[in-house]
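Computed from heavy atoms alone, side chains included, the values below leave out hydrogens, waters and symmetry copies. We count residues from 1, following the sequence as given. Every number for a ligand or one of its atoms is a count from 1 in the order of the listing.
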Amino acid sequence: MSRTFINDKDFYRNPEWVHASSEYVELSALAGYELRAFPKWAKKFAAPFLPSCRKLQSLFDHINSLLEPLKDKLHEQKLEVDPKNPLSFLNQKLEGQLDELGSTLIALCLVSYDGGGELFTHVLHSVWRNEQLINDLRSEIVNVVGDEGFNKNTLQNLVLMDSVLKEAQRMHPESVLQLQRIALEEVVLPDGLIIPKGTPLLVSGCHMIDASVWPDGDKFDGYRFFNLRQKADSSTRQASYNFTSTSKDHFGFGHGSQACPGRFFASYMQKILLCHVIMKYDVLVTIPEEGAWFQRGSTHVAHPGLKARVRRRKEEIQL
Ligand code: HEM
């Protein structure tokens, strides 16, 4: 994953970096949760006494020491942006002040690791309840990926899989409150409601999940966007049902100028992972009595009690 923003093989494949950055992302969710128990003014006093925050600080120091060789390489480079080198973009944005490289890279890890892992869990528990869907997905993979293997075209042509991903994200957005923004100027809505300048805003995504927009919206239908795409009367309309397209009715990746810039990469990654899992394994998922997910504050979380019995199968094609 880090390869998208750190294109230095010596670095992104370094097991120490992979381990430290993943552990940081995991632990920061826990630390954030624990810190919520304290009022804003008290957080900085409480943090040094919380084991999760102390561990985070030591991980952060370790991450910074791992970054030293990378910083040395960047110091030698010009502050020009090379389109093939995402690190050059960060270097320019930080104006060569590489003290903040650690926190910037960790912020990127946070936004990219977390959403991907959570979505993949929801995809797995959703598809493995429908044998027909698994069979259809396997046929699609054999037909589309079988001859050419993975490339941009074949990944785009996995349209049933695309529909499954979009549907899983519709039913399981990361949070039911999305599009976190601040009104930079006064906004008057068509119904006369005035949003004063400086107001922090969040938009409810509940309509993505219920039946007010999507028929049988509370049920997972892996074929939903595949069928809508088939019925669409124009290629623009077809494209609007792509997993990576955002709209006011489906903003799992956000919407507007700040919509997730990593969604195209995320889509390819989810598809490649799913191809491997679906072709190579038979899976029996056991859903806890309380359901496959639960709500924690505004976040929508996969239930940690989800269980899977996995058996290796012989894949029809070599991936
Ligand atoms: C399935 C995986 C992912 C999900 C569900 C997801 C979801 C989101 C959402 C909901 C937002 C907020 C958008 C808004 O407010 O309009 C966002 C922002 C962002 N995402 Fe993702 N994301 C994913 C993967 C990634 C990846 C792989 C990367 C980078 C490689 C990434 C980088 C970012 C960045 C940098 C932002 C901030 C954009 C801004 O504020 O301008 N995301 N993502």
Side-chain angles (χ1 to χ4, degrees), residues 1-8 11-12 17-18 21-22 24-26 28-29 81 83-90 92-94 100-127 152 155 158 161-184 199-209 225 242-275 277 293 297-302:
M1 180 76 81
S2 332
R3 189 177 175 174
T4 40
F5 37 86
I6 313 171
N7 55 325
D8 186 310
F11 191 78
Y12 68 73
W17 156 258
V18 174
S21 60
S22 316
Y24 192 99
V25 169
E26 203 179 319
S28 62
V81 177
K84 289 194 181 141
N85 179 350
L87 267 182
S88 71
F89 172 76
L90 288 182
Q92 197 212 37
K93 283 282 161 211
L94 297 173
E100 285 181 33
L101 187 66
S103 49
T104 310
L105 288 178
I106 283 296
L108 281 167
C109 291
L110 271 167
V111 291
S112 55
Y113 294 5
D114 200 28
E118 190 71 12
L119 178 65
F120 198 63
T121 311
H122 290 303
V123 173
L124 293 185
H125 75 70
S126 306
V127 290
K152 224 170 156 183
L155 289 172
L158 290 170
M161 190 178 285
D162 198 272
S163 167
V164 162
L165 288 166
K166 195 170 182 77
E167 177 70 349
Q169 195 187 40
R170 182 188 70 76
M171 289 207 64
H172 307 286
E174 274 183 62
S175 165
V176 286
L177 292 175
Q178 304 241 38
L179 307 176
Q180 194 168 0
R181 306 283 189 268
I182 288 184
L184 295 179
T199 310
L201 298 163
L202 282 161
V203 179
S204 161
C206 292
H207 64 294
M208 277 168 60
I209 310 168
F225 295 101
N242 284 350
F243 176 44
T244 48
S245 299
T246 66
S247 73
K248 63 181 175 41
D249 295 331
H250 190 320
F251 42 72
F253 279 123
H255 194 40
S257 59
Q258 276 170 279
C260 175
R263 62 193 190 277
F264 305 97
F265 173 78
S267 161
Y268 290 151
M269 195 189 72
Q270 298 276 331
K271 286 182 180 175
I272 293 171
L273 272 174
L274 210 47
C275 283
V277 176
W293 61 275
S298 66
T299 41
H300 181 116
V301 196

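Ring orientation note: the planes of W293 and H300 are close to parallel, at an angle under 30° on the 30°/60° scale.
Nearest to atom 19 (C) of ligand 1 by heavy-atom distance, out of S267, P261, G252, is P261. Closest to atom 5 (C) of ligand 1 by heavy atom, among Q178, Q180, E174, is E174. Among R181, Q270, Q169, the residue whose heavy atom sits closest to atom 15 (O) of ligand 1 is R181.
Residue C109 holds its SG atom at 4.0 Å from CH2 of W17, rounded to the nearest 0.5 Å. The line from CD of E167 to CZ of F243 is 12.0 Å long, rounded to the nearest 0.5 Å. Once rounded to the nearest 0.5 Å, the distance linking CG of L201 with CZ of R181 reads 9.5 Å.
For ligand 1, the atoms sitting less than 4.0 Å from at least one non-hydrogen atom of L179 are 15 (O), 16 (O), numbered in the order shown with element in parentheses. Near G254, meaning under 4.0 Å from one of its heavy atoms, ligand 1 places the atoms 10 (C), 13 (C), 14 (C), 16 (O). Less than 4.0 angstrom separates some heavy atom of F265 from each of these atoms of ligand 1: 27 (C). Within ligand 1, the atoms closer than 4.0 Å to a non-hydrogen atom of G115 are 1 (C), 2 (C), numbered from 1 in the order shown. Listed by number with element, the atoms of ligand 1 under 4.0 Å from a non-hydrogen atom of G116 are 1 (C), 2 (C). Close approach of ligand 1 to A259 (heavy-atom distance below 4.0 Å) involves ligand atoms 16 (O).
Residues D249 and R170 are not paired through a salt bridge, judged by the lack of any N-O separation under 4.0 Å between the basic side chain and the carboxylate.
With a 4.0 Å cut-off on non-hydrogen atoms, C260 touches ligand 1 through its backbone as well as its side chain. At a heavy-atom cutoff of 4.0 Å, ligand 1 is contacted by both the backbone and the side chain of F253.
Residue contacts with ligand 1: G256 is excluded, as none of its non-hydrogen atoms falls under 4.0 Å.
Taking distance alone, with nitrogen or oxygen atoms compared against 3.5 Å, H255 approaches ligand 1 more closely than that limit.
Taking the ring centroids of H250 and H207, they lie at or beyond the 6.0 Å cut-off.
Side chain of K166 to main chain of M161: no donor-acceptor pair is present (N/O by atom type, distance under 3.5 Å, no hydrogens or angles). Checking side-chain atoms of S267 against main-chain N and O of T244 turns up no donor-acceptor pair under 3.5 Å.
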